[in-house]
Amino acid sequence: MTVFEGTFTHTESLRFAIVIGRFNDLVVNKLLEGCQDCLKRHGVDINPHGSQVDFFWVPGSFEIPLVARQAALSHRYDAVICLGAVIRGQTPHFDFVAGEVAKGIAAAAFQTGVPVIFGVVTTDTMQQALERAGIKSNLGWNYAMSALEMGTLMRQVKGLGAHPYEHRLTTGSAAQVLSGEANLAIAPDVSSDQIPS
């Protein structure tokens, strides 16, 4: 059997989108700094005017999944990194936002086949968030490492080519049925007296 693993080298041709929620910017800006530092130290040109990293700013974490999905759908990026911070307050708002953001980011990856990295810090207090954004360690670095690893891994996976069985499914009438181009009926209607006994 073959073993496939992502790497942290040969990053010159990788492209990344970073989707950043502005809300809780004290935390998010630190996460972004850690993310950029990691990418730069691994040979990625983080210049916004360069060709390797594009930055998408959104109002808050709740808006991240929509933009992340659109970026992934463009197939211009090897990975999309989502950065944000959701901090628990005195209302149930935290539970709704944190849960929906997590589901949305996961859905964006599943629907597009592009790695979408969950880099949204969810904490009970601002102190905990700051600890994760640089006081103790900067999780922005970890999120960038995940993007590098998954980006290089997916390039290997995509390079495998189609299995012969999969190729048969993508040609002829099966592909038409799967893509909706053919009649929706899988088989013609047959009355019971036409079935051979």
| Between Arg88 and Thr122, is any side-chain donor less than 3.5 angstrom from a side-chain acceptor? | no
How about [X] and [Y]: do any of their side-chain heavy atoms sit closer than 4.5 Å?
{"X": "Arg132", "Y": "Thr123", "value": "yes"}
{"X": "Leu148", "Y": "Thr152", "value": "no"}
{"X": "Asp45", "Y": "Ser51", "value": "no"}
{"X": "Asp54", "Y": "Tyr77", "value": "yes"}
{"X": "Ile18", "Y": "Val53", "value": "yes"}
{"X": "His42", "Y": "Met145", "value": "yes"}
{"X": "Phe118", "Y": "Ile64", "value": "no"}
{"X": "Val120", "Y": "Val86", "value": "yes"}

| task | For residues Met154 and Gly113, report the shortest heavy-atom separation together with the two atoms involved. | result | CE-O, 3.5 Å
Any donor-acceptor pair under 3.5 Å linking the side chain of [X] with the backbone of [Y]?
{"X": "Gln52", "Y": "Glu12", "answer": "yes"}
{"X": "Asp37", "Y": "Glu33", "answer": "no"}
{"X": "Asn24", "Y": "Ala85", "answer": "yes"}
{"X": "Glu63", "Y": "Gly60", "answer": "yes"}
{"X": "Arg155", "Y": "Gly151", "answer": "no"}

| said: Grouping I, L, V, M, F, W and Y whenever their side-chain heavy atoms are under 4.5 Å apart, do Trp57 and Val80 come out in a common cluster? | reply: no
Does [atom1] in [X] sit with more than 12 non-hydrogen atoms of other residues, nucleotides or ligands closer than 6.0 Å?
{"X": "Phe96", "atom1": "CZ", "value": "no"}
{"X": "Arg41", "atom1": "CZ", "value": "no"}
{"X": "Phe94", "atom1": "CZ", "value": "yes"}
{"X": "His93", "atom1": "NE2", "value": "no"}

| How many angstroms lie between atom CG of Asp78 and atom CE of Met150, to the nearest 0.5 angstrom? | 11.5 Å
